[in-house]
Number of protein chains: 2
Amino acid sequence: MVTLAEVAKHAGVSASTVSYVLSGKRSISSPTRERVEKAISELGYHPNAGARALAGKRSHIIALVVPLRTDVYVPIMMEIAISVTVAARSHGYDVLLITNDEGPEGVRRVAASGLADGVILMDVELDDARIPVLRETGTHAALIGLPADTRGLACVDHDFAGAGALCAEHLADLGHQDIAFIGYAPGVYQRHAGYAERTLSGFRERAAQRGLRVLHRPCEGSYESTAGALSRILADRPATTGFVVQNEGAIGPLLSLLRTSGRVVPEDASVVALCPDPLAEQYSPRLTAVTGPAHELGRQAVALVMNRLDDRPTAEVSLLTPVLTPRESSGPAPVR
Amino acid sequence: MVTLAEVAKHAGVSASTVSYVLSGKRSISSPTRERVEKAISELGYHPNAGARALAGKRSHIIALVVPLRTDVYVPIMMEIAISVTVAARSHGYDVLLITNDEGPEGVRRVAASGLADGVILMDVELDDARIPVLRETGTHAALIGLPADTRGLACVDHDFAGAGALCAEHLADLGHQDIAFIGYAPGVYQRHAGYAERTLSGFRERAAQRGLRVLHRPCEGSYESTAGALSRILADRPATTGFVVQNEGAIGPLLSLLRTSGRVVPEDASVVALCPDPLAEQYSPRLTAVTGPAHELGRQAVALVMNRLDDRPTAEVSLLTPVLTPRESSGPAPVR
DNA sequence: TTGTAGGCGTTATCAT
DNA sequence: ATGATAACGCCTACAA
């Protein structure tokens with residue numbers, strides 16, 4: 001193993017000079033710097049992470065706590081995880097993956113051991129058990145998602161309420177009056193997942209403003225449950241012409257079922273999905289969809305943690321604006 | 001921060017005793033052990049990771065290198081990543097997430113810096129650029145996937161050839177004679193992704209043995225490309241009654257298109273998917289599917305790395321047996 | 001602009 | 001069965 005001392009000897013300077021060349025924390029004359037850099041690359045030197053962490057009091061690692069649950073759309077989680085990792089690297093940080101089966105103690109473990117300098121929590125619940133640990137240990141953290149009490153916490157999330165409102169707005173503009181909202185599984189609402197509730201309430205509120213009639217149906221996301229939800233919708237409100245879907249599993253079945261029931265999209269029924277654009281593009285017809293910038297979530301979460309590490313003040317909550325992309329699945333309400 | 005020395009003082013023992021209580025590397029009398037453990041929990045002591053890595057020459061971290069590409073089925077990647085993390089924890093290890101945009105240098109970086117004690121590579125290509133780095137640095141590693149030259153490397157993967165054969169076997173047993181294989185995008189075959197080629201050749205070989213006529217069509221996975229592939233299949237081989245799909249994006253469209261073209265599954269056409277069971281269960285009809293145990297991949301990869309870290313010998317390549325679960329989408333070939 | 005030296009918290013080797 | 005102590009490799013005041 002190549003050490004800093006060996007580099008120093010090879011370059012004919014002292015160890016501290018090499019260290020300072022690396023950290024840039026004091027000015028070095030060009031000739032010295034070049035000799036050191038040459039030595040570094042000739043010897044293939046890589047600073048020892050453990051020693052650096054011990055002496056420098058910073059591991060240059062942040063922990064990313066991911067949920068084990070799979071009822072959230074997995075590709076999005078992955079996209080966020082990857083954007084977090086890439087963003088962290090651009091700050092000279094690495095990312096440690098922590099699964100939520102360790103529970104709140106996982107957070108304590110990585111923070112108290114100095115394994116990680118900061119923590120990013122994904123899939124934050126309204127009353128998240130990891131938050132007390134954060135407060136208690138004073139861990140630098142950023143949350144992806146909104147807990148009930150955000151005081152003193154840095155949070156980023158999609159503006160789900162805005163996304164819901166956007167759906168209502170779009171369908172109202174197209175003249176639809178009866179809208180069904182096909183949502184996540186009942187359990188998601190029962191555990192008061194913030195994103196599900198916020199989307200729904202944003203949607204309901206705007207729908208009310210625009211005088212729309214609204215029906216909300218939770219749905220497991222399987223073909224059968226979608227069929228059940230749809231048939232109940234059509235039984236209860238035969239005049240329904242607009243559908244908002246916030247459940248990736250229900251999209252395919254819904255389109256099939258509408259087709260089977262003789263409804264042509266978008267002539268007879270409009271569909272707006274709350275889902276990532278690549279997914280929306282896969283269907284036929286391509287779906288009008290509302291999406292938030294997933295990779296931006298990761299970037300901002302990392303930025304928040306970095307700010308706190310350098311104790312720079314940051315806004316507590318930042319909500320990312322969703323975008324509605326009109327595609328082929330939505331059109332003017334049919335004339336009666 | 002609570003240190004080992006503080007725990008020692010609190011328990012009235014020496015630092016080394018505390019260390020040995022923690023590591024279990026020498027016998028400790030019950031009374032002392034209890035005093036030390038009491039002190040540890042009273043003070044809330046967590047060993048400093050950096051110091052431990054420096055002194056012990058082991059970071060207790062393994063790096064997991066994940067692809068950035070999204071043409072592989074993302075939920076599977078996530079499942080593997082999570083199973084790796086959980087398995088690693090059970091060995092007292094944490095997992096560092098490395099994205100492949102760092103390239104082979106990323107591997108060198110984490111290995112040379114001692115950040116990670118070992119590496120797990122996902123999405124390994126036949127001639128993977130990261131492998132020379134592994135060889136050169138002597139890094140303890142496990143590969144998920146099979147490179148062309150496995151000498152000296154520990155590899156785990158699904159038995160894709162076996163999976164392909166299983167599909168052919170199943171359809172042959174049901175009396176089908178003309179089978180179409182709807183595969184991944186052309187690019188996947190062009191870059192000689194091992195899993196795609198191996199599945200196809202395993203399928204072809206068994207099909208030949210059973211006297212089946214076979215047509216292979218790459219497919220982007222969108223509705224349009226699936227429609228294109230299907231219409232060409234039906235034009236070239238109107239007698240086709242069996243479909244094997246190895247492309248998650250093409251499954252939904254294929255089922256829709258078959259229905260639209262008046263073909264009832266499984267009466268007129270049988271469909272066998274190479275996909276995870278949860279996905280297979282989502283469709284209507286539920287799909288007969290061939291799956292490998294994704295979480296087992298993660299477990300074994302971790303086990304391989306651990307073996308190498310403790311320099312225990314291990315088999316070089318282990319292929320996990322796939323399972324075919326018959327569901328509603330496959331049945332006897334229609335009588336002509 | 002560069003060098004010297006003490007310390008970071010643990011592990012492991014020697015003693016006892 | 002337990003203690004003292006020298007590394008481990010780097011960072012950073014303090015000196016020059």
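The sequence lines fix the lettering, A, B, ..., with proteins before strands; numbering per chain opens at 1.
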Taking the ring centre of each residue, are His91(A) and Tyr93(A) less than 6.0 Å apart?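 So the answer is no for these two rings.
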Please identify each residue that fulfils salt bridge (Lys or Arg N to Asp or Glu O under 4.0 Å) with Glu102(B), with sequence neighbours left out.
->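 Testing Glu102(B) for salt bridge (Lys or Arg N to Asp or Glu O under 4.0 Å), a comparison that skips the adjacent residues, returns Arg89(A), Arg109(B).
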Checklist entry - Excluding sequence neighbours, so at least two apart, what forms salt bridge (Lys or Arg N to Asp or Glu O under 4.0 Å) with Asp310(B)? => result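 Listed in chain order: Arg312(B).
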Where at least one partner belongs to [range], residue pairs that pass salt bridge (Lys or Arg N to Asp or Glu O under 4.0 Å), sequence neighbours excluded:
| range | answer |
| --- | --- |
| residues 41-50 of chain A | Lys38(A)-Glu42(A) |
| residues 130-139 of chain B | Arg108(B)-Glu136(B), Asp128(B)-Arg130(B) |
| residues 294-306 of chain B | none |
| residues 146-158 of chain B | Asp149(B)-Arg151(B), Asp157(B)-Arg198(B) |

B/S/- along nucleotides 3-10 of chain D (protein heavy atoms under 4.0 Å) is BB---BBB
Q. To 10°, what angle do the rotation axes through the five end pairs on each side of the helix from dT1(C)-dA16(D) to dT16(C)-dA1(D) form?
A.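 Inter-axis angle at the termini of the helix from dT1(C)-dA16(D) to dT16(C)-dA1(D): 30°.
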With a 3.5 Å cut-off and sequence neighbours excluded, list the donor-acceptor pairs that the side chains of residues 17-25 of chain B form with protein atoms.
{"unit_1": "Thr17(B)", "atom_1": "OG1", "unit_2": "Ser14(B)", "atom_2": "OG", "d": "3.3"}
{"unit_1": "Ser23(B)", "atom_1": "OG", "unit_2": "Ser19(B)", "atom_2": "O", "d": "3.4"}
{"unit_1": "Ser23(B)", "atom_1": "OG", "unit_2": "Lys25(B)", "atom_2": "N", "d": "3.3"}

Range on DNA chain C touched by chain B, heavy atoms, distance below 4.0 Å: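 Footprint of chain B along DNA chain C, 5' to 3': dG9(C) to dC14(C).
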> What is the distance, rounded to the nearest whole Å, between atom CZ of Arg58(A) and atom P of dC11(D)?
Replying inline: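 So the CZ-P distance, Arg58(A) to dC11(D), works out to 13 Å.
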Only distances under 3.5 Å count here; give the side-chain donor-acceptor pairs of residues 43-57 of chain B to other protein atoms, sequence neighbours excluded, each with its distance to 0.1 Å.
{"unit_1": "Asn48(B)", "atom_1": "OD1", "unit_2": "Gly50(B)", "atom_2": "N", "d": "3.0"}
{"unit_1": "Asn48(B)", "atom_1": "OD1", "unit_2": "Ala51(B)", "atom_2": "N", "d": "2.8"}

Atom pairs and distances, donor-acceptor, side-chain atoms in residues 313-320 of chain A, under 3.5 Å, two or more places apart:
{"unit_1": "Glu316(A)", "atom_1": "OE2", "unit_2": "Gly152(A)", "atom_2": "N", "d": "3.2"}
{"unit_1": "Ser318(A)", "atom_1": "OG", "unit_2": "Gln300(A)", "atom_2": "OE1", "d": "3.2"}

At under 4.0 Å between heavy atoms, what does Leu22(B) touch on the DNA or RNA strands: base, sugar-phosphate, or nothing?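 Touches nothing.
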